[in-house]
Structures are given as structure tokens and as C-alpha cells.
S.K.: 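Right, I'll just put the structure down here and ask away after.
Within every chain, numbering begins at 1; the chains are lettered A, B, ... in the order of the sequence lines, protein sequences first and strands thereafter.
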There are 2 protein chains.
Amino acid sequence: MMNWPRLKGMSTAQSLSPSEAPEIPKRGRGRPRKAGDGASRQALIVAAAKHFRRKGFDATTTRDIAQATGMQSGSPFYHFKSKNALLVAIMEEGMRSAQRSQDAVLAALPGDITARDRLAALVLNHLYVLWLPGNDFVPVMHHEWRSVPPAQRKTIQVLKDAYEVPWRDALAQLEDQGLLGTNASLARSMLFGVLHGSMTWFKPKGALRLEQLARECLNALVSEQPRTPGPAGLPPAAFDPETVVREAWRRGGRRNTDTPSPATSPLVLSKQRAA
Amino acid sequence: MMNWPRLKGMSTAQSLSPSEAPEIPKRGRGRPRKAGDGASRQALIVAAAKHFRRKGFDATTTRDIAQATGMQSGSPFYHFKSKNALLVAIMEEGMRSAQRSQDAVLAALPGDITARDRLAALVLNHLYVLWLPGNDFVPVMHHEWRSVPPAQRKTIQVLKDAYEVPWRDALAQLEDQGLLGTNASLARSMLFGVLHGSMTWFKPKGALRLEQLARECLNALVSEQPRTPGPAGLPPAAFDPETVVREAWRRGGRRNTDTPSPATSPLVLSKQRAA
DNA sequence: CCTACCGATCGGTAGG
DNA sequence: CCTACCGATCGGTAGG
């Protein structure tokens with residue numbers, strides 16, 4: 001899957017993941033249809049990822065996947081014991097592939113590079129992981145997380161944590177240099193939010209390419225000059241817009257259960273215009 | 001729905017949305033079970049939103065929703081002509097409610113407030129919209145967008161565009177003041193990415209409350225002092241980490257279709273350790 | 001808004 | 001990996 005190669009002859013079945021071992025296809029026997037090894041399994045993963053990304057996990061039928069792979073409706077269950085196992089396999093392979101490319105990029109970077117440039121490389125690589133054609137695995141992972149059985153979430157979470165280690169390092173350095181508007185941990189969560197959110201609104205056509213998007217994301221979250229440390233901390237005093245919002249909600253809202261609120265607040269009056 | 005009230009006696013059926021008008025419940029006749037008006041319809045919307053958020057649109061059955069509302073399995077279709085119509089109603093009402101609270105907040109703000117503080121109020125209000133209990137509508141809108149029939153997307157898009165107008169204004173001012181690391185349009189998309197992404201990772205327990213999250217988001221994306229306009233533009237020269245990443249992918253990747261790539265690149269060698 | 005129901009589909013399996 | 005199939009469920013409807 002993805003754009004990242006695996007070693008030749010390295011059957012996917014021998015990977016570290018105990019969660020989804022197929023029946024061991026007895027390679028080398030029978031008719032060597034495609035390649036004899038896990039090619040069909042791989043084709044199922046690729047087709048499933050494509051469908052899951054477009055229509056969602058629940059809306060995709062195992063028959064869709066089978067048909068896209070040229071199989072009969074029952075055949076996917078020869079390779080995967082359930083539809084959910086197929087989803088987990090997609091996520092695991094997506095993260096492994098992303099990790100491979102990220103490691104390769106980091107290894108190719110000069111040693112004396114700044115933390116900002118290192119983060120730039122991580123960001124661009126991540127955009128490639130998300131956006132390059134055929135790379136449906138990581139997007140599916142993020143969007144279909146709730147369809148993963150809780151028992152198997154931990155395995156994927158470990159892969160995600162490992163992937164984020166270099167991000168933590170780079171952002172911690174940037175925080176030390178005063179180049180962030182928040183702390184490293186929050187900046188990392190926000191940065192991934194920006195990057196994953198780009199899948200919703202970004203269209204890589206025209207002038208704005210992935211490379212430029214990467215630059216803009218970095219510029220948006222990482223300053224080039226240290227920020228003034230003056231009032232940068234948490235203002236202990238009342239934050240004006242904050243109290244305004246809080247008060248507005250206190251006036252205008254109930255906790256909301258079933259019935260619409262009685263509506264006697266002045267807020268509503270200020271809203272009558274649009275009705 | 002939400003925490004924002006509607007005018008008393010304003011049946012939801014008379015709203016601007018032509019997309020989902022129920023059968024006009026003949027209010028005032030029959031047994032006045034709850035309130036006589038669209039209370040059941042409203043209860044369906046609330047219950048559906050809760051389920052859609054937790055389990056997803058496809059995984060939620062209309063029977064789930066009926067049961068949560070104390071109805072029989074066929075009854076939701078008296079109020080909504082289809083499951084999809086229920087989803088659209090959730091999104092429309094979610095946006096209308098968000099717009100109401102946002103308008104109220106803006107109206108309550110002093111006129112001489114800075115663009116930064118105005119944006120702070122918008123951000124905090126938006127976090128309330130996303131996070132306060134019972135407010136499942138807008139999260140559902142973002143997560144289940146692809147389940148909306150294309151014909152009805154436009155209606156909701158209009159509401160979303162209106163909602164974003166004050167954001168555009170505030171961010172345009174901030175861009176003029178040199179407080180953004182990117183342009184106003186991209187900053188807006190990124191900011192919403194951060195805010196919506198918070199639904200994945202943020203837990204409003206402990207020290208980090210919504211108010212502080214709002215501050216941190218703002219600090220992360222909006223400087224307090226104008227940024228140095230020096231090398232802030234697009235560097236026309238080769239961007240080092242960028243070319244490294246691009247080269248790495250060129251070496252390591254094919255476009256990817258079905259079969260795993262042959263893998264003869266040096267990238268793979270540098271990755272053998274984890275196997 | 002309930003009763004009773006239908007047609008279609010879906011994940012999964014037995015047995016080869 | 002195919003054939004043939006099952007049990008369960010699901011969105012939706014007729015008729016009151």
C-alpha cells in the first residue's frame with residue numbers, strides 16, 4: 001500500500017501484527033494466479049481503503065470490496081476474519097508506511113538542521129502521506145477510529161505514538177526557542193488538527209500545492225522570531241471577550257434536554273431580525 | 001436544540017428551511033401528549049444527534065432513535081420522510097443555533113474591541129457550540145457531511161458561509177496588522193481545523209478548560225506583536241527540507257496501485273531495523 | 001403516531 | 001478462493 005515499498009519477499013503475513021494473521025496462503029502451491037503470495041490480501045486492503053475513505057466504513061459492504069478486487073462476495077473472509085479486521089489491517093499498514101517514509105526523510109536530513117526545518121520536513125511528509133493518490137490508509141484511520149474495536153485500538157495507538165515522537169522533539173525545541181504561541185504538546189495536537197483538517201477544505205489544484213500548504217501551516221504556527229514573552233502567559237485577570245461569551249451563554253442557555261427553552265432572555269430579542 | 005432558545009410558539013416547521021417540512025402536526029388537536037407542537041420532532045432530532053455523534057450516521061438505526069424517543073420503529077417516518085432528512089434537519093438546526101449564539105455574543109461585545117479579542121470571542125463561542133453537553137449538532141454536521149445528499153448540501157453551506165463572515169472580517173484585520181503567519185483565508189481554514197480537531201484529543205477535565213483552550217488556540221495562530229516581514233513571504237529558492245522530502249518520495253515511491261513496489265531504493269535499507 | 005409488514009441487503013459461514 | 005446459503009437487520013410503507 002501507500003507509496004512506500006516493502007522488502008521483496010517480505011510477506012505481509014510475517015509482520016509484527018498479531019491482530020490480523022491470515023491463514024498462511026501456502027504460497028508456491030496451487031495456481032500462481034497473481035504472484036502467489038499475499039497479493040490478494042494486499043489488493044483487498046487497497047480496495048477497502050479506497051471505499052472506506054469515500055463512503056465510510058459502515059456504508060461500504062464487503063461485497064463492494066470483493067467486487068473491486070474481482071472476488072466473489074464470500075472471499076474476503078478467507079483473508080480477513082471480519083470486516084473490522086480488514087479495517088484494522090488498513091490502519092496498521094497505513095501507520096507502518098507513514099513511519100517508513102518519515103524515518104527515511106529524517107535520515108536524509110542534514111544533522112545540523114534547525115528544529116523549524118525538521119518540523120517542516122515532517123509536515124510535508126505528513127501531507128504526502130495524507131494526500132498523494134492511493135494513500136487512503138491514514139485518512140481512513142483518522143475518520144473511522146470509532147469503528148475500531150477497543151481491544152485493538154491499543155496496537156494502533158502504539159504506532160501513532162511512535163510516529164509522533166520526532167514531532168514532540170522538534171516542537172519541544174521550538175518551544176524552548178520561544179517560537180511557539182503555546183506549549184509543545186498543544187501545538188502538536190493543533191498542528192495535526194490543521195493537517196487532518198486540510199483533507200476537508202484543501203484542493204491541491206492551481207497555485208497552492210502541497211509544498212506551499214506545508215509552508216503556510218508551519219508559518220501559521222511557528223514564528224520566525226521569538227515571541228515577546230511579556231503578556232504571553234495566562235492572564236489571571238478577567239479576559240474580556242471570554243466573560244462576554246460566558247455571560248451570553250449563561251443568559252441564553254439551558255443545559256438542553258428535550259424541549260426548546262422557554263426563551264425569555266434578551267439574547268433572543270437581539271436575534272429576531274433573521275426570523 | 002442546543003442551548004439556545006427559540007421564540008416561544010415559533011414552531012420549527014415555519015422556519016426558512018424548505019428542505020424538511022413535516023406534515024404540519026395539526027397542533028391543538030388530539031391528545032396533548034407533551035406540548036402539542038413539534039416536541040416529538042424536536043426530541044427525535046436531539047436523540048438522533050446524540051446517536052449519530054456516538055455511533056455515526058450509518059451505524060445508527062432509525063429504531064435506535066425511535067426507542068430513545070419512546071416511539072415505535074415506524075414513527076420517526078411520520079416526522080421525517082427519511083433518515084437522511086433527519087440528518088439534514090440536525091445540521092440546519094445546529095447551524096442556526098450556532099449562528100444565534102454567535103450573533104448574540106458579537107452584539108454583546110464593546111464596539112471598540114480589537115480584532116484579536118473579537119476573534120477570541122468567536123473562538124470561545126465556537127468551542128461552546130462544539131463542546132457543551134447536548135450540543136451534538138455541529139459535530140455531527142462536520143463528521144457526517146458525506147452522508148448529506150448533494151442536493152441538500154447547498155442549503156447548509158449557505159448557513160456555514162454566513163457563520164464564517166465575522167471570522168473572515170476579524171482575520172482580515174489581523175492579517176493587515178501583520179499578526180498572522182499566513183493569509184486570512186488559510187488562517188480561517190486552519191483555525192477551524194484546530195477547533196474541530198480538538199473534538200478528537202481534547203478532554204476538558206482538570207486544569208485545561210474550554211476557556212483556556214480558546215486562549216491557547218488564539219495564541220498559537222495569532223501573534224501579539226507584528227511578525228517580522230523579512231523572509232516571511234514565499235522563499236523562491238529551494239527549500240531544503242522540502243526538497244529532501246520530495247526526493248525521498250521520488251526515490252522510495254511509485255504511484256501505488258495494487259501490488260507492493262519492488263523496493264530497491266536505499267530508503268528501504270535504512271528502514272530494515274524495525275522489521 | 002401505532003401495527004404489521006415487506007423487500008432488500010448485509011456480514012458471515014459451510015463445504016468444497 | 002468459489003458456491004450457495006442463512007439469519008438478522010434495516011429503511012421504509014400501508015392503513016388505520
S.K.: Would you mind reading off the distance between A:M71 atom CE and D:dT3 atom P, rounded to a whole angstrom?
M.R.: 13 Å

S.K.: Dot-bracket notation for DNA chain C is requested: 5' to 3', Watson-Crick or G-U wobble pairs only, both distances under 3.5 Å, with ( ), [ ], | and . as defined.
M.R.: ||||||||||||||||

S.K.: Between OG of A:S97 and CZ of A:F137, what distance do you get to the nearest 0.5 Å?
M.R.: 7.5 Å

S.K.: Please report the distance, rounded to the nearest Å, between NZ in B:K83 and C1' in C:dA8.
M.R.: 15 Å

S.K.: Considering just the side-chain nitrogens and oxygens of B:S40, establish if one lies under 4.0 Å of OP1 or OP2 belonging to C:dC1.
M.R.: yes

S.K.: Could you state the atom-to-atom distance from CG of B:L86 to C1' of D:dG12 in whole Å?
M.R.: 14 Å

S.K.: The side chain of A:F77 lies closest to which of these nucleotides: C:dC1, D:dG12, C:dG11?
M.R.: C:dG11

S.K.: Report yes if the side chains of A:E93 and A:I45 come closer than 4.5 Å at any heavy-atom pair, otherwise no.
M.R.: yes

S.K.: Within the 4.5 Å heavy-atom criterion, are B:T200 and A:W145 side-chain neighbours or not?
M.R.: no

S.K.: Atom CZ of B:F80 and atom C1' of C:dC1: how far apart are they, to the nearest Å?
M.R.: 14 Å

S.K.: Hey, are the side chains of A:W131 and A:V138 touching, using non-hydrogen atoms and a 4.5 Å cut-off?
M.R.: no

S.K.: Could you say whether B:S73 or B:L44 is positioned toward the 5' end of DNA chain C, judged by the nucleotide with the nearest heavy atom to each?
M.R.: B:L44

S.K.: Taking 4.0 Å as the cut-off, does a side-chain nitrogen or oxygen of B:Q72 come that near to OP1 or OP2 on C:dT3?
M.R.: yes

S.K.: Mind running a 4.0 Å heavy-atom check of residues 56-66 of chain B against DNA chain D and sending the residues that fall below it, in number order?
M.R.: B:T60, B:T61, B:T62, B:R63

S.K.: Quick one: is A:S82 getting a side-chain N or O under 4.0 Å of the C:dG11 phosphate, OP1 or OP2?
M.R.: no

S.K.: How many whole angstroms separate atom NE2 of A:H51 from atom C1' of C:dC10?
M.R.: 15 Å

S.K.: Please list all pairs passing the salt bridge (Lys or Arg N to Asp or Glu O under 4.0 Å) test where one or both residues lie in residues 55-75 of chain B, with sequence neighbours left out.
M.R.: B:K55-B:D64

S.K.: Hey, does A:L191 have a side-chain heavy atom less than 4.5 Å from the side chain of A:L195?
M.R.: yes

S.K.: Quick one: which residue pairs count as a salt bridge (Lys or Arg N to Asp or Glu O under 4.0 Å) with a foot in residues 139-154 of chain B, not counting sequence neighbours?
M.R.: A:E144-B:R146, A:R146-B:E144

S.K.: For B:H51, enumerate each residue passing the ring pair (Phe, Tyr, Trp, His ring centres under 6.0 Å) test, keeping only those at least two apart in sequence or located in another chain.
M.R.: none

S.K.: Just jot down the side-chain contact (heavy atoms from CB on, under 4.5 Å) partners of A:F192, sequence neighbours excluded, or say none.
M.R.: A:H126, A:Y163, A:E164, A:W167, A:R188, A:H196

S.K.: In whole angstroms, how far is the P atom of D:dT3 from the OH atom of A:Y78?
M.R.: 16 Å

